[in-house]
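To start, the structure itself, in structure tokens.
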Amino acid sequence: MQRTKQLLVAICTLFFITELSAQQIELPIDTTVVTNHKTTIMGKAVSYSATTGTQPVWDENGNPIASLFYTYYQRTDVGSNESRPLIMSFNGGPGSASVWMHVAYTGPRTLKIDEEGYPVQPYGVQDNPFSILDVADIVFVNPANTGYSRTIPMMGKEVDKSKFFGINADIEYLAGWLNTFVTRNNRWRSPKYIIGESYGGTRVMGLAKELQGAQWMYLNGVIMVSPADYLVFNSDVPVESALNLPYYTATAWHHKVLPAALQSKDLLEVLPEAEAFAIDELMPALAKGGFISDAEKDAIATKMSYYSGLSKKTILDLNLDVPTSYFWKELLRDKSGYTVGRLDSRYLGLDKTIAGERPDYNSEIQSWLHSFTPAINYYIREHLNFKTDIKYNMFGPVRPWDNRNNNVRDELRQAMAENPYLNVLVQSGYYDGATTYFNAKYTMWQVDPSGRMKDRFEFKGYRSGHMMYLRRQDLEAANNDLRAFILKTTNKGKSAKY
């Protein structure tokens, strides 16, 4: 009996000690860690500081409702930063961390991957000799529930999702957060740019106007990398479907399945032909729907086959409307049985069966997660010295996402009209099957129907996919295009007037 009592006392004591020592994972609401580094960019030595930390999002009463994780790179060997550009960088999703461009595109460190972007072990990072940090400082921002960013509280019914998870809510709270960041870091005099990849394209189009209208912050540039435009995705078949055709041409050319007359030409000779066919012939044909004549339908299918690498019969069976998911499954079905990737169609996938209407998985994203996830966790903890037990969300819980009242195209147009300094750069990979390069061109064309500001838009294409910078040749080219755009649009000494 005595031993039983002693055992119970011991168990209770152990439980009490465990309760005292147990720690709940807590979100650091407002904190910074600063480290200093040196690198070489474009052959020249660059010294810089890296500030990693969290900064609150406040509600209308000044209470913190979220804490956003960010990484801020500032060159430290150039003196005053008053004329030095500041780049505010976002990825997309919605729900994606700002990891992809951070450790693979514009930042001072980039992934250890092969020349075409495929994973290699051991995982890690290396110097990025093409980073734009030589000409601009950069802050990588993780929206709520991405990276180490979280709402407050982190979960439960108390979270007001309407303040974060929708096109307009996202734009509004991020604009306020950027105001605080710029103020805290004394960057109001700096020329400012916002860059967004994928859904980030939608985000930065809206942010341009929100920053001007609600935060009185005027930009020099908006940069859209492989932009996602929901107004295209939600349009009728003639627009959405026809805009995919030039991407099909590019992918078929890469995999060498186009007719010899096209395959023998360079890609940039072939694409203008496909673009003209898509706009001038395919789009009007699709507009006729089931009332198209048999003769015209047959003629269009013949040309689609010529420019896509798909069989004429397949195209006719689909009534000229070829879904991208079917294309990824079908293109190499008879040649090798592999599928092609969604975000980068250079990547190949292996399905359970060759039969089927869509791939079992996205081969490119699995390859990318293979490289990025260990690298970002290692880099932030061991290089930037930011430590937390919170999980780094490559993709975070942000659904459902409110896509209503999407006016971002017109908001960008209005911001440009109000601000003569504001210019736009669009960057896309020809093999991106999710946000195709021709969709991006179409979005650019639609922002300003008057055409009076078209000299302030610039498009650059690359021979890779959604994350074109993973291919080393395009990493160099795309950063150089960014660098040239920034230097061209800082407008030193030039008045902002028409």
Side-chain angles (χ1 to χ4, degrees), residues 229 231-337 339-340 342 345 354-359 428-446 459 461 463:
D229 183 353
L231 295 177
V232 171
F233 300 152
N234 296 328
S235 59
D236 285 339
V237 167
V239 172
E240 182 187 13
S241 186
L243 291 176
N244 290 330
L245 190 279
Y247 150 72
Y248 294 160
T249 305
T251 300
W253 183 90
H254 175 79
H255 290 289
K256 297 180 172 55
V257 293
L258 287 178
L262 292 177
Q263 199 66 58
S264 62
K265 298 179 181 179
D266 182 71
L267 176 65
L268 298 187
E269 294 180 85
V270 173
L271 291 182
E273 293 183 38
E275 292 176 12
F277 168 67
I279 291 289
D280 298 337
E281 299 182 57
L282 179 56
M283 197 175 289
L286 287 168
K288 297 176 183 178
F291 286 74
I292 190 173
S293 70
D294 290 343
E296 184 181 4
K297 187 174 184 178
D298 188 81
I300 292 293
T302 299
K303 277 198 171 183
M304 283 186 71
S305 176
Y306 179 71
Y307 285 117
S308 70
L310 302 179
S311 73
K312 179 179 174 181
K313 181 180 186 304
T314 293
I315 292 166
L316 287 170
D317 287 347
L318 292 167
N319 297 320
L320 309 181
D321 176 21
V322 180
T324 50
S325 57
Y326 190 85
F327 176 81
W328 305 325
K329 183 76 174 181
E330 176 70 16
L331 182 66
L332 302 180
R333 194 194 303 264
D334 294 335
K335 181 180 179 183
S336 65
T339 62
V340 300
R342 171 177 175 261
S345 295
I354 293 176
E357 295 185 353
R358 60 185 310 126
S428 291
Y430 296 123
Y431 307 130
D432 179 1
T435 59
T436 71
Y437 87 91
F438 204 46
N439 277 359
K441 281 189 175 183
Y442 181 82
T443 295
M444 184 176 70
W445 297 338
Q446 298 304 311
F459 176 87
R463 297 180 188 231

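All of these numbers come straight from a predicted model, not from anything done at the bench.
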Can you see which heavy atom on [X] is nearest to which on [Y], and at what distance?
X	Y	result
P246	L271	O-CD2, 3.6 Å
A278	A242	CB-O, 3.4 Å
W328	G433	CZ2-O, 3.4 Å

[Y] side chain reached by [X] side chain, heavy atoms, under 4.5 Å:
X	Y	answer
P323	L318	yes
F277	T249	no
M283	L243	yes
S308	I315	yes

Review point. F438 and side chain to side chain contact (heavy atoms under 4.5 Å, CB included): which partner among V232, T443, I279?
Key: I279
Point to revise | Y430: ring pair (Phe, Tyr, Trp, His ring centres under 6.0 Å) partners, not counting sequence neighbours | key: Y437
Considering residues at least two apart in sequence or located in another chain, which fulfil the salt bridge (Lys or Arg N to Asp or Glu O under 4.0 Å) criterion with [X]?
X	result
K297	none
D236	none
E330	R333

Exercise for review: Kindly state each residue pair satisfying salt bridge (Lys or Arg N to Asp or Glu O under 4.0 Å) with at least one member in residues 305-316, sequence neighbours excluded.
Suggested key: D298-K312, K313-D317
Any chance you could measure [X], atom [atom1], to [Y], atom [atom2], to the nearest 0.5 Å?
X	Y	atom1	atom2	answer
K303	L320	NZ	CG	13.5 Å
T436	Y431	OG1	OH	14.0 Å
M304	I300	CE	CD1	8.5 Å
D229	Q446	CG	CD	9.0 Å
N244	E240	CG	CD	6.5 Å
F327	T314	CZ	OG1	11.5 Å

Practice item. Decide side-chain contact (heavy atoms from CB on, under 4.5 Å) for R342 and T324; before the verdict, give the C-alpha distance in whole Å, the side-chain angles of both, and the deciding distance to 0.1 Å. Key: CA-CA 8 Å; R342 171 177 175 261; T324 50; over 6 Å; no
Exercise for review: Inspect the surroundings of CG in D294 and state if more than 12 heavy atoms from other residues, nucleotides or ligands are less than 6.0 Å away.
Suggested key: no
Polar side-chain atom of [X] near backbone of [Y] as donor-acceptor pair, under 3.5 Å:
X	Y	result
N319	D321	no
Y248	L310	no
E296	S293	no

Please report, to 0.1 Å, the donor-acceptor pairs under 3.5 Å made by any side chain of residues 250-261, with sequence neighbours excluded.
from : atom 1 : to   : atom 2 : distance (Å)
T251 : OG1    : Y247 : O      : 3.2
W253 : NE1    : K265 : O      : 2.9
H255 : NE2    : S345 : O      : 2.7

